[in-house]
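So the structure is just underneath, and the comments pick up after that.
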Amino acid sequence: MLKALESDLTRTEHAIDDVLHAIEQSPQWLSEYEGLKEQFRSSDGKDGKHLVNQMVGRWTSSILGWPARNEQAQVRSRVNKLSDAYGVLVPSALY
């Protein structure tokens, strides 16, 4: 799923939001996302949504070569419904 997104990745500080939105728009990718949430279900019964979203964010940051600003640089999701917030990335030219 993420490998397929790599070529179409938007190079903006909001790329994580865009990737999560692309995942929710594709039935196949959304199914994989839901499967990962179940795979990473915690011992207390919570699904793995937080962990999967973190993995998507780290992958996006890594592919672009841009670090996340910091924990305080979380913004409310603009277009995706899979997360409430995401980390804003720092374009490499600014880093």
Side-chain angles (χ1 to χ4, degrees):
M1 160 181 50
L2 294 178
K3 192 69 173 164
L5 281 166
E6 188 173 341
S7 63
D8 294 329
L9 192 58
T10 55
R11 300 186 68 79
T12 73
E13 62 185 2
H14 302 287
I16 293 170
D17 192 36
D18 295 335
V19 167
L20 288 167
H21 181 66
I23 290 169
E24 69 189 356
Q25 296 302 306
S26 166
Q28 179 183 353
W29 293 345
L30 185 58
S31 176
E32 287 184 47
Y33 174 90
E34 295 294 337
L36 288 170
K37 280 179 25 183
E38 285 303 312
Q39 181 178 342
F40 293 110
R41 181 172 289 281
S42 66
S43 59
D44 63 0
K46 291 184 181 177
D47 70 25
K49 178 179 177 177
H50 183 72
L51 178 60
V52 174
N53 287 348
Q54 279 185 328
M55 291 178 352
V56 169
R58 288 184 182 176
W59 173 85
T60 304
S61 174
S62 173
I63 291 300
L64 292 174
W66 299 352
R69 291 198 177 176
N70 59 41
E71 290 296 319
Q72 287 73 37
Q74 295 282 312
V75 295
R76 296 202 61 69
S77 297
R78 301 171 310 138
V79 295
N80 91 81
K81 305 280 190 276
L82 298 177
S83 69
D84 296 328
Y86 61 93
V88 175
L89 300 178
V90 179
S92 58
L94 301 177
Y95 186 64

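Since the structure is predicted, the reported quantities are computational estimates derived from the model, not experimental observations. Worth knowing before you read on, the calculation uses all heavy atoms, side chains too, and leaves out hydrogens, waters and symmetry mates.
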Check your understanding: Residues two or more places apart in sequence or in another chain: which of them pass side-chain hydrogen bond (donor to acceptor under 3.5 Å, both in side chains) with S77?
Key -> N80, S83
Revision key, fill the gap. Rounding to 0.5 Å, atoms CG (L82) and CD1 (I16) come to a distance of 13.0 Å
Exercise for review: Please identify each residue that fulfils side chain to side chain contact (heavy atoms under 4.5 Å, CB included) with S31, with sequence neighbours left out.
Suggested key: none
Point to revise | Separation between CZ of R78 and NE2 of H14, rounded to the nearest 0.5 Å | key: 5.0 Å
Practice item. Could you list the residues that satisfy side-chain hydrogen bond (donor to acceptor under 3.5 Å, both in side chains) with Q54, not counting sequence neighbours? Key: H50
Practice item. Decide whether V79 and V52 are clustered together by the hydrophobic rule: side chain heavy atoms of Ile, Leu, Val, Met, Phe, Trp, Tyr closer than 4.5 Å, transitively. Key: no
Revision key, fill the gap. Applying side chain to side chain contact (heavy atoms under 4.5 Å, CB included) to R76 and not counting sequence neighbours gives none
Point to revise | Set of ring pair (Phe, Tyr, Trp, His ring centres under 6.0 Å) partners for H21, sequence neighbours left out | key: none
Review point. Shortest non-hydrogen contact from P91 to E13?
Key: CD-CB, 4.5 Å
Check your understanding: Roughly how far, to the nearest 0.5 Å, is the CG atom of D18 from the OG1 atom of T12?
Key -> 5.0 Å
Check your understanding: Which residues satisfy the side chain to side chain contact (heavy atoms under 4.5 Å, CB included) test with S62, sequence neighbours excluded?
Key -> none
Check your understanding: Rounded to the nearest 0.5 Å, what separation is found between the CG atom of L30 and the CG atom of L20?
Key -> 11.0 Å
**Study point:** Partners meeting salt bridge (Lys or Arg N to Asp or Glu O under 4.0 Å) with R11 (sequence neighbours left out)
**Key:** none
Study note, to complete from the structure: Applied to residues 44-56, the salt bridge (charged side-chain N to carboxylate O under 4.0 Å, His left out) test, sequence neighbours excluded, yields K37-D47
Review point. Do any N or O atoms from the side chain of S61 and from the backbone of G57 form a donor-acceptor pair under 3.5 angstrom?
Key: no
**Study point:** For R58, side chain to side chain contact (heavy atoms under 4.5 Å, CB included) partners two or more places apart
**Key:** none
Check your understanding: Just checking, any donor-acceptor pair under 3.5 angstrom between side chains of N53 and Y33?
Key -> yes
